[in-house]
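Notes for the one structure printed next.
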Number of protein chains: 2
Amino acid sequence: MQEEEKVLMQCLFFTSNRFARNITKLAEKNFDFSDLAPSYFYMIMVIHGQPNITQKELCQKLSIAPSTSTRFIEKLVKQNLVRKQTSGKQTMISLTEDGEALYVAFRKGLKSLFEDYNEILGKELSMNLSLMLHEASQKLEKNN
Amino acid sequence: MQEEEKVLMQCLFFTSNRFARNITKLAEKNFDFSDLAPSYFYMIMVIHGQPNITQKELCQKLSIAPSTSTRFIEKLVKQNLVRKQTSGKQTMISLTEDGEALYVAFRKGLKSLFEDYNEILGKELSMNLSLMLHEASQKLEKNN
DNA sequence: CACTATCATTTGCATATACAAATATAAGGA
DNA sequence: TCCTTATATTTGTATATGCAAATGATAGTG
């Protein structure tokens, strides 16, 4: 094997971005009940779990930039899936009925996504990978 | 912990995208000797390792879509870092002198990126993660 | 009570990345 | 040799995502 290929296998920047692209494709297949990209569903899920969550908390839980959250919420409001309520500096977000309904559909899609990748990658690898990625993100984020 | 947070930890779509965002930030810091995003350097590296590589092979090695490779190469040509030569259907790519020079700088940046994340994540975790991500990508890609 | 510093959100702008359709080229069969 | 099919690249379009600057709002200090 060429030296360059070894680097591609060993570099976390490359391997993680490549993997993210691949798994995103799989996720899109499983979340085809709506025209939203997968990430939106994770936002919906977090709001479901904590109604009236502030935008800032949302950013933290999802590890996204504030501007990204503004754009996401904008789109979800336009589709009548979430509601925003400003209170001073902060903005609080909660799901509409349509949002709750979509959340239910999402749970099903999530289940089939899990089945899909457990099948392809094996349960062992899937589990370990996600836990390690979680741990690694925490370490990187603490280090900022 | 809320059930929703557990899902965020366990879902490979979420954990891998989150991690990719985090490590990309670190990579950008280490590749600040040029205005190119990290991904371009990996393309440059592959071309360095196999001059006159076809565009299609590049796509395969980097796991990117053909249209993405067109756009990347366009930009690199404009910056006089790579050269393209068409031969029939195919296009062959190689580095210019400037490209080779930038490759040398990139290797240094790569080294310091590795040091950075080995320090933050630990060597063990870093190694395991990248190998597992590589393995998992191969499995997902074979499954298409 | 005014003013300044701090904090949360939004806006402007840029970019990596993909899919689908269009185009260009080659290859193989009649 | 022409026509059809297959393959490689490009183009049009869309979108997630971020950074930096702008805005809006509070809170604490003199």
Side-chain angles (χ1 to χ4, degrees), chain A residues 13-14 16-29 31-32 34-44 52-79 82 84-93 141 144, chain B residues 13-14 16-29 31-32 34-44 52-79 82 84-93 141 144:
Chain A
F13 166 80
F14 181 75
S16 65
N17 275 284
R18 176 187 176 201
F19 180 77
R21 288 195 293 274
N22 283 319
I23 196 92
T24 297
K25 248 181 258 174
L26 197 62
E28 281 165 351
K29 255 181 232 158
F31 299 155
D32 60 353
S34 129
D35 65 335
L36 292 168
S39 298
Y40 288 89
F41 296 115
Y42 293 81
M43 179 174 268
I44 287 178
N52 283 317
I53 189 171
T54 67
Q55 209 165 315
K56 195 186 178 196
E57 278 178 294
L58 255 183
C59 290
Q60 284 162 350
K61 295 214 180 197
L62 295 171
S63 296
I64 56 176
S67 55
T68 305
S69 76
T70 299
R71 301 289 157 47
F72 271 50
I73 291 167
E74 216 170 61
K75 187 163 178 175
L76 292 176
V77 166
K78 211 169 278 172
Q79 299 204 9
V82 314
K84 51 191 294 193
Q85 196 178 2
T86 46
S87 147
K89 280 189 292 199
Q90 298 177 92
T91 303
M92 268 114 64
I93 315 288
E141 287 167 18
N144 275 344
Chain B
F13 166 80
F14 180 75
S16 65
N17 275 282
R18 175 188 177 201
F19 179 76
R21 286 194 294 275
N22 283 319
I23 195 93
T24 296
K25 246 182 260 173
L26 196 63
E28 281 164 352
K29 253 181 234 157
F31 298 154
D32 61 352
S34 130
D35 65 335
L36 292 168
S39 298
Y40 288 89
F41 295 115
Y42 293 82
M43 179 174 268
I44 288 176
N52 283 316
I53 189 172
T54 67
Q55 210 164 316
K56 195 185 178 198
E57 278 178 294
L58 255 183
C59 291
Q60 284 161 353
K61 296 214 181 198
L62 295 171
S63 296
I64 56 176
S67 55
T68 305
S69 76
T70 299
R71 302 272 154 62
F72 271 50
I73 291 167
E74 216 169 61
K75 187 163 177 174
L76 292 176
V77 167
K78 211 169 277 173
Q79 299 205 9
V82 314
K84 52 190 292 193
Q85 195 179 2
T86 45
S87 147
K89 282 190 290 198
Q90 299 176 93
T91 304
M92 268 113 66
I93 315 289
E141 287 168 18
N144 275 344

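Residue numbering restarts at 1 for every chain, and letters A, B, ... go by the order of the sequence lines. Being a predicted model, the structure only gives us computed values, none of them experimental.
Residue contacts shown for B:T70 include a base, since a base heavy atom lies under 4.0 Å away.
Atoms NZ (A:K78) and P (C:dT10) sit 13 Å apart, rounded to a whole Å. Rounded to whole angstrom, the span from the CD atom of A:Q90 across to the C1' atom of C:dA8 amounts to 8 Å. If you take CD of A:E74 and C1' of C:dT9, they are 11 Å apart, rounded to a whole angstrom. One interatomic measurement links the two molecules: NZ of A:K56 to C1' of C:dT10, which rounds to 16 Å at whole-angstrom precision.
B:E141 and B:S63 form a side-chain donor-acceptor contact under 3.5 Å, judged by distance and modelled atom types alone.
Counting heavy atoms from C-beta outward, A:N52 and A:I93 have side chains that stay 4.5 Å or more apart.
The OG1 atom of A:T68 sits 12.0 Å away from atom CG of A:L58, with the distance rounded to the nearest 0.5 Å. Interatomic distance, CD of A:Q79 versus CG of A:L36, reported as 4.5 Å (0.5 Å rounding). Annotation: the span from A:N17 atom CG to B:I23 atom CD1 amounts to 9.0 Å, rounded to 0.5 Å.
Taking the six-membered ring where the residue is Trp, the centroids of B:Y42 and A:F13 are separated by under 6.0 Å.
In this structure, A:T24 contributes its side chain and A:A20 its backbone to a donor-acceptor pair below 3.5 Å. Side-chain atoms of A:R18 never come within 3.5 Å of backbone atoms of B:L62 as a donor-acceptor pair (strictly under, hydrogens ignored). Distance alone, capped at 3.5 Å, is enough to place a donor-acceptor pair between the B:T54 side chain and the B:E57 backbone.
In the 5' to 3' direction, nucleotides of DNA chain D lying under 4.0 Å from heavy atoms of chain A begin and end at D:dA16 to D:dT26.
Applying the 4.0 Å criterion to OP1 and OP2 of C:dC7, one finds that A:K89 has every side-chain N and O outside that range.
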Would you tabulate the pairs of protein nitrogen or oxygen atoms and nucleotide nitrogen or oxygen atoms of nucleotides 16-23 of chain C closer than 3.5 angstrom?
{"from": "C:dA16", "atom 1": "OP1", "to": "B:K75", "atom 2": "NZ", "distance (Å)": "3.4"}
{"from": "C:dA16", "atom 1": "OP2", "to": "B:Y40", "atom 2": "OH", "distance (Å)": "2.7"}
{"from": "C:dT17", "atom 1": "OP1", "to": "B:S39", "atom 2": "OG", "distance (Å)": "3.3"}
{"from": "C:dT17", "atom 1": "OP2", "to": "B:S39", "atom 2": "OG", "distance (Å)": "3.3"}
{"from": "C:dA18", "atom 1": "OP1", "to": "A:R21", "atom 2": "NE", "distance (Å)": "3.4"}
{"from": "C:dA18", "atom 1": "OP2", "to": "B:A65", "atom 2": "N", "distance (Å)": "3.0"}
{"from": "C:dA18", "atom 1": "OP2", "to": "B:T68", "atom 2": "OG1", "distance (Å)": "2.7"}
{"from": "C:dA18", "atom 1": "N6", "to": "B:R71", "atom 2": "NH1", "distance (Å)": "2.9"}
{"from": "C:dC19", "atom 1": "N4", "to": "B:S67", "atom 2": "OG", "distance (Å)": "2.8"}

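By the 30° and 60° cut-offs, the orientation of the rings of A:F31 relative to A:F41 is perpendicular.
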Can you check side-chain contact (heavy atoms from CB on, under 4.5 Å) on A:M92 and A:T86, steps first, answer last?
CA-CA 6 Å; A:M92 268 114 64; A:T86 46; over 6 Å; no
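Each end of the helix from C:dC1-D:dG30 to C:dA30-D:dT1 gets its own axis, taken as the rotation carrying the C1' atoms of four end pairs onto the next four within a five-pair window, and the two axes meet at 10° to the nearest 10 degrees.
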